[in-house]
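Every chain is numbered from 1 and lettered A, B, ... according to where its sequence line falls, protein lines coming before strand lines.
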Amino acid sequence: MTRLLTSVALSALVCSGVAKAPQRATFSSGTLGVRVDVLVTKAGRPIAGLRAEDFEVRDNGVPQRVSLASVADLPVNAVLVLDTSESTSGPKLTRLVEAAHGLVDRLHSSDRAALITFSHAVNLRVPSTADFRLIKKALDEIAPRGETSALDAIYVGLLSAQAENGRSLLIVFTDGRDTASWLTDDEILDAAKRANAVIYVLAAEHARGWTILRDLAEATGGHGVDVTAGSDLSDEFQKILEDFRSRYILTFVPAGVAQAGFHRLDVMVRRGGLVVKARPGYIGKDLHE
Amino acid sequence: MSNALRRAILAAILILGAPCASGAAEKITDAAVTRLEQWITAVTDHTPGQVDAAVGMVRTWTFAQRTELNPAMQMFLDALTRPQAPIPQPKTGKPARPDERVRSFAAATLQSAGLTTFLERAAVLHGDAAMAAPFPSAASTAGARPDNRAPRPGSKPDPPLLYRARALIDTDGEIRDEMPRDWNWPFARSLLEPQMFKRAEATWPMPFVAQWYHATAAFMLRNGLYSDARMHLQNAATVLADDPFVLFDRACLAEIHGLPIVQNVLTERDMVTLRRREARREEYGGEMANVLGVPLLEMTNAEAERLFRRTLSVAPSFAEAQVRLARLLLVRGRSGEALEEARAALKANPERTVRFYADLMASRASRMLGQFEAAAGYVGEAVGLFPNAQSALVAASHLSMTRSDLEAALASLGRLSILDEDAPFDRDPWWSYRWGAGRDVDALLTTLWASVQQRR
């Protein structure tokens, strides 16, 4: 059997026993664990039917005993992080809102969603909820204004996702680069490596080629999409959701490695011709702090 | 990007203007003399800080009108600053020649207002005219790029009145439009040049000039007129080399050039090219970044650090210079030095906004040094100063996340959800960090205008 060795990714912190977020934007926290969110494809198409024994995960080079979570039991927690700075005004925003509506329509009743918008101010418009009407209503009320605090907004999205059960998907849309965030590239990347969300980025106009967006997607096992004038945003949102739903969730309790610091992860699939995509590492908790 | 920002970071990028007016008419026409007389009246009548008829008049001057006026203006200023030269009197019964009228205006001006007061007022009038200029429409979007193109070798500088460079306006690095640069700024500067006073054996009013440069530079920084600010402060540096506020403003401008809002224009490819060329000391070429004049991050940060250190060498207790130096040191990975500077700024007990910046910088430096308790203390102070500041709340949350305290990280962000989404800029001082002295522009200009008005 051919081993496909790929640097893969992992979610650092598995939340469990999390209190559901109330309607106002408050955050709850979870207990520690490690989760690996893995996409396996062949010729670009997701491969289903793999079992835990088909995977091998190495944490800092040390093989780990992994379990395969039943994806069906894990609802999707979709966090939309949308640029609503003034540059998005007009047809661009209309397309974005339509695409977001489409994504919400495709969520299952067991899923949850949250909506964060950002100009220079980050606005947690709708905290995680199963009542998607709230999301749709908020989408229709978006008015573009202001500058761009993309990195701070992604950070809030990561934390918001961190507070929820299930599998967290961050969909970030922006058409420009940051002008107003406090967090630096290094700091948001560090935060992403500590979180358990997978980030998909839709980058339009000047945001295309913005390195940190690509790095964030890569560091969380997601991917970035360049949006052009001819792109069908609704289609892109749908593809992201389908892609995310076809992922495997591997979990393990790190053994034989130090707790703190950055852990390099390698995920192997014991089948030939498969492409594995996941985050390349995670940052463990320093219990001595 | 907001209209305010578009206005705010409107950039004059590149002098596109043709060499201009060297071939201007030298003959002083009656129309020019009339216009000069109107100008003298406008200078005298202008109420500083008001968009009054005087401002309205100079703003409507076309390039052709200024070209016609220029010989008369040059003669007037020459006569004004050389009072020892005899003033010809017209023969009785004959109408005065244009040059005679111009010289008599100068004599009358010296007698009424005096050289210093008149030139100060004239500089204020043209500064006010520049500041009253409409910003480009929303369609002509932003870009805050310095102008780094040197004058063509051997080219004769244009008379300030005939300045007619053009500016490129860009959005995120894409050139969208061009517009004339405002001639009022170079003309106003020329009126305050030391040689104007030296020729007249008058004392150069250095305190006023320093005040004028600082207040007007603050306006430029506040409104993102970085290219104008660059030229303005270059000039200020030649006449006020060791003035702490000029040094500070220059340092802030260099720092701003390193902030994302300016650096965003550089692609990775641009940066590779610029670094290669910098290493080879080659001339910059035609890449977009070079056309727009965006400096390499490391170069502009180094320049900003140098200028903040010079500021502190002449004004050691300049707390905001210390804070900004701390930020630059953080960017450059020198956390220990950054913490020292931020602590020094805090010891000086600066005003609330500067203290907020100092606490944020001290917190980031402490965190990077692994001093988490100290970092928490500083960021807590920042939150206490501005409880609704997004930057401080995010910084506090991020610190908690770094310490693996998810609950605290989430708690810090909770407040964001109850804040007004309109988010006025004064909610978070970090959002106005790039304004530098522009944060205080209203107070600075009010003081400037009052000082001129008092001497009326």
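For B:L259, no part sits under 4.5 Å from any heavy atom of chain A, backbone or side chain. Heavy-atom distances place the backbone of A:D178, and not its side chain, under 4.5 Å from chain B. Using a 4.5 Å cut-off between heavy atoms, A:T84 makes no contact with chain B at all.
Applying side-chain hydrogen bond (donor to acceptor under 3.5 Å, both in side chains) to B:R324 and the options B:E341, B:E305, B:E255 leaves one that passes, B:E255.
By number of non-hydrogen pairs under 4.5 angstrom with chain A, the leading residue of B:A392, B:A408, B:S391, B:A409 is B:S391. With chain B as the partner, the residue from A:P144, A:G209, A:S181 showing the most heavy-atom pairs under 4.5 Å is A:S181.
Below 30°, between 30° and 60°, or above 60°: for B:F425 and B:W431 the angle between ring planes is between 30° and 60°, a tilted geometry. Classified by interplanar angle (parallel below 30°, tilted 30° to 60°, perpendicular above 60°), the ring pair B:F356/B:F386 is perpendicular.
Looking only at atom types and distance, the side chain of B:S397 has a donor-acceptor partner in the side chain of A:Y155 under 3.5 Å away.
The salt bridge (Lys or Arg N to Asp or Glu O under 4.0 Å) check on B:R367 picks up A:E187, with sequence neighbours excluded.
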